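Below: one structure, written as structure tokens.
Just so you know, these numbers use all the heavy atoms, side chains as well, and skip hydrogens, waters and symmetry mates. Since we're looking at a predicted model, the values are computed, not measured. The first residue in the sequence is number 1, and the count goes up from there.
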Amino acid sequence: CKLTGIPYLVTVHGRQSTFRSRKLLKCLGDYTLAVCEELKKQLVEVLEVDANKIEVLRNGFEIEGKRSNQLINQNNCVTFITRFTGPKGELAINLIKHILNSFSENEIQLTVVGGKSVPDELKQYESKICFTGFVNEVKEYIQKSRVVIASGRTAIESILLEIPTIAIGEAETIGLVTEKTLKRGLETNFGDMAEIEKKFDFKKIVDDIRSSISGTQLSETELKRLKEIIISEYDILPIYKRILSLYRTLYVSKKKREIPVIMYHRVITTENEKGVNGIYVTEEQFEEHLKILKSKGFQSISIDTLISKL
């Protein structure tokens, strides 16, 4: 894009590697969009992205279809949506062990969604867990849950479906998402983006599971308020409009293809229209001007056409 002069708008969804080459070779475009505040902070402070050329814009959702929800949750069903690769895999294995060791056999029904197969470290627990493996659609599993443990987009989807959601990602423990903890959830993409301390509060997760199953933490009204906040942050339509506006701005500034506007005070057809200040052109002069512009490759457009293209 640099070589060809093409406007380059970059969206960044995850923490970036901090090799020295990333600082020397700037590859984050003319303008950068980070999905959360902690990611923006890393890009500015560590990778030295110009703070004037970056902003936070959430990873949008098509909200329509998530507004109505027929709950079919089971009283003690805890669903953990995760994967078993990378740093998140190690976290998932340790958290699952801690949860199973903290509850009696019939106290909860643990469903684990994600991963290709059961990790060797969890083979001994297979009889106590419902492993689904990878699924294309997590909605049905979320709806069956009394509480969901997740991070990133799956945490957001769970909140949109008005299910109590415990957020823990590969970087940070948020815990049960409430109006009080939601701000930190947004800042970290629900636990996935932050300075990784490798200290996760598993006890808090267990305590939040207990309170969610007992129904002592979040009321239906609070769950609806959380959903409305998520809608205001993640609705894809305003996000799409913002991206389109930014790209148009970059295109104009880089390609220098603004739309020139020529203003005439008056175009007159008779001598009686001259007025006292003489600020006018005749109809014949105006026509001559348009012919010259057309010969130079310019094309006129109406105001209505211009507005329809914005």
Side-chain angles (χ1 to χ4, degrees), residues 69-178 181 185 188-192 196 198-218 223:
N69 178 35
Q70 293 182 339
L71 293 181
I72 49 178
N73 62 58
Q74 301 170 22
N75 286 336
N76 67 343
C77 183
V78 178
T79 300
F80 183 18
I81 304 172
T82 188
R83 63 171 183 262
F84 292 111
T85 57
K88 190 169 285 188
E90 181 182 350
L91 167 65
I93 290 168
N94 290 331
L95 179 55
I96 289 169
K97 288 179 179 179
H98 189 87
I99 291 171
L100 292 175
N101 290 329
S102 300
F103 291 91
S104 60
E105 189 169 341
N106 297 319
E107 204 172 351
I108 64 168
Q109 176 189 334
L110 181 61
T111 298
V112 178
V113 179
K116 291 183 178 180
S117 59
V118 179
D120 291 339
E121 298 92 329
L122 296 176
K123 293 284 188 184
Q124 61 180 309
Y125 299 101
E126 276 191 271
S127 62
K128 299 180 179 180
I129 309 171
C130 173
F131 282 99
T132 69
F134 175 80
V135 298
N136 289 317
E137 180 58 70
V138 299
K139 181 178 178 180
E140 65 174 282
Y141 293 97
I142 292 174
Q143 287 180 304
K144 292 176 182 177
S145 306
R146 183 67 177 176
V147 60
V148 169
I149 306 170
S151 63
R153 288 180 71 80
T154 48
I156 297 163
E157 184 157 2
S158 178
I159 297 168
L160 285 171
L161 291 169
E162 299 178 42
I163 301 296
T165 304
I166 296 171
I168 179 170
E170 58 189 72
E172 187 172 304
T173 306
I174 304 299
L176 185 66
V177 180
T178 64
T181 62
T188 63
N189 201 28
F190 295 91
D192 274 345
I196 301 175
K198 298 292 184 184
K199 293 180 182 178
F200 299 100
D201 193 347
F202 289 171
K203 181 180 182 303
K204 178 175 177 57
I205 301 299
V206 168
D207 290 344
D208 285 341
I209 290 172
R210 291 189 191 281
S211 62
S212 297
I213 289 175
S214 66
T216 59
Q217 277 276 21
L218 292 173
L223 288 169

Are the side chains of Leu91 and Thr82 in touch, meaning some heavy atoms are under 4.5 Å apart? no
When the side chains of residues 92-101 are checked against the rest of the protein, which donor-acceptor pairs come out under 3.5 Å, sequence neighbours left out?
from: Asn94; atom 1: ND2; to: Glu90; atom 2: O; distance (Å): 3.3
from: Asn101; atom 1: ND2; to: Lys97; atom 2: O; distance (Å): 3.0

The single option from Ser212, Ser145, Ser158 passing side-chain hydrogen bond (donor to acceptor under 3.5 Å, both in side chains) against Thr165: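 The option that passes is Ser158.
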Stepwise side-chain contact (heavy atoms from CB on, under 4.5 Å) check, Phe103 with Ile209: CA-CA 10 Å; Phe103 291 91; Ile209 290 172; 3.6 Å; yes
Test of understanding: with side-chain contact (heavy atoms from CB on, under 4.5 Å), list the residues that count as partners of Thr188, not counting sequence neighbours.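 side-chain contact (heavy atoms from CB on, under 4.5 Å) list for Thr188, sorted by chain: Glu38, Glu172, Ile174, Arg184, Ala194.
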side-chain contact (heavy atoms from CB on, under 4.5 Å) partners of Thr178, counting only residues at least two apart: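 Here the qualifying residues are Leu176, Lys180, Thr181, Leu218.
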Checking the side chain of Asp192 only, and the main-chain atoms of Glu170 only, is there a donor and an acceptor separated by less than 3.5 Å?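 The answer is yes, because a donor-acceptor pair under 3.5 Å joins these two groups.
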Could you tell me the separation between the [atom1] atom of [X] and the [atom2] atom of [Y], rounded to the nearest 0.5 Å?
X      : Y      : atom1 : atom2 : answer
Leu160 : Arg153 : CG    : CZ    : 10.0 Å
Lys144 : Gln109 : NZ    : CD    : 9.5 Å
Leu110 : Glu105 : CG    : CD    : 12.5 Å
Ile129 : Ile108 : CD1   : CD1   : 9.0 Å

Walk me through whether Leu161 and Lys139 qualify under side-chain contact (heavy atoms from CB on, under 4.5 Å). CA-CA 8 Å; Leu161 291 169; Lys139 181 178 178 180; 3.7 Å; yes
On a heavy-atom basis, which atom in Thr154 and which in Ile142 lie closest, and how many Å separate them?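 Closest approach of Thr154 to Ile142: O-CD1, 4.3 Å.
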Heavy-atom closest pair, residues Thr132 and Val113: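 Scanning both residues completely, I find the closest heavy atoms to be OG1-CA, 3.2 Å.
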Show your reasoning for whether side-chain hydrogen bond (donor to acceptor under 3.5 Å, both in side chains) applies to Lys88 and Ser151. CA-CA 10 Å; Lys88 190 169 285 188; Ser151 63; 2.9 Å; yes
The complete set of ring-ring contact (aromatic ring centres under 6.0 Å, His included) pairs with one or both residues in residues 121-146, sequence neighbours excluded, reads none
Hey, could you give me each pair passing salt bridge (Lys or Arg N to Asp or Glu O under 4.0 Å) that has a residue in residues 116-128? Not counting sequence neighbours. none
Would you list the pairs meeting salt bridge (Lys or Arg N to Asp or Glu O under 4.0 Å) in which at least one residue belongs to residues 202-214, sequence neighbours left out?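 Of all non-adjacent pairs touching residues 202-214, those that pass salt bridge (Lys or Arg N to Asp or Glu O under 4.0 Å) are Glu107-Arg210, Lys203-Asp207, Lys204-Asp208.
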List in chain and number order the residues that pass salt bridge (charged side-chain N to carboxylate O under 4.0 Å, His left out) with Asp201, two or more places apart in sequence or in another chain; answer none if no residue qualifies.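 Testing Asp201 for salt bridge (charged side-chain N to carboxylate O under 4.0 Å, His left out), a comparison that skips the adjacent residues, returns none.
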Partner set under side-chain hydrogen bond (donor to acceptor under 3.5 Å, both in side chains) for Ser214, not counting sequence neighbours: Thr216
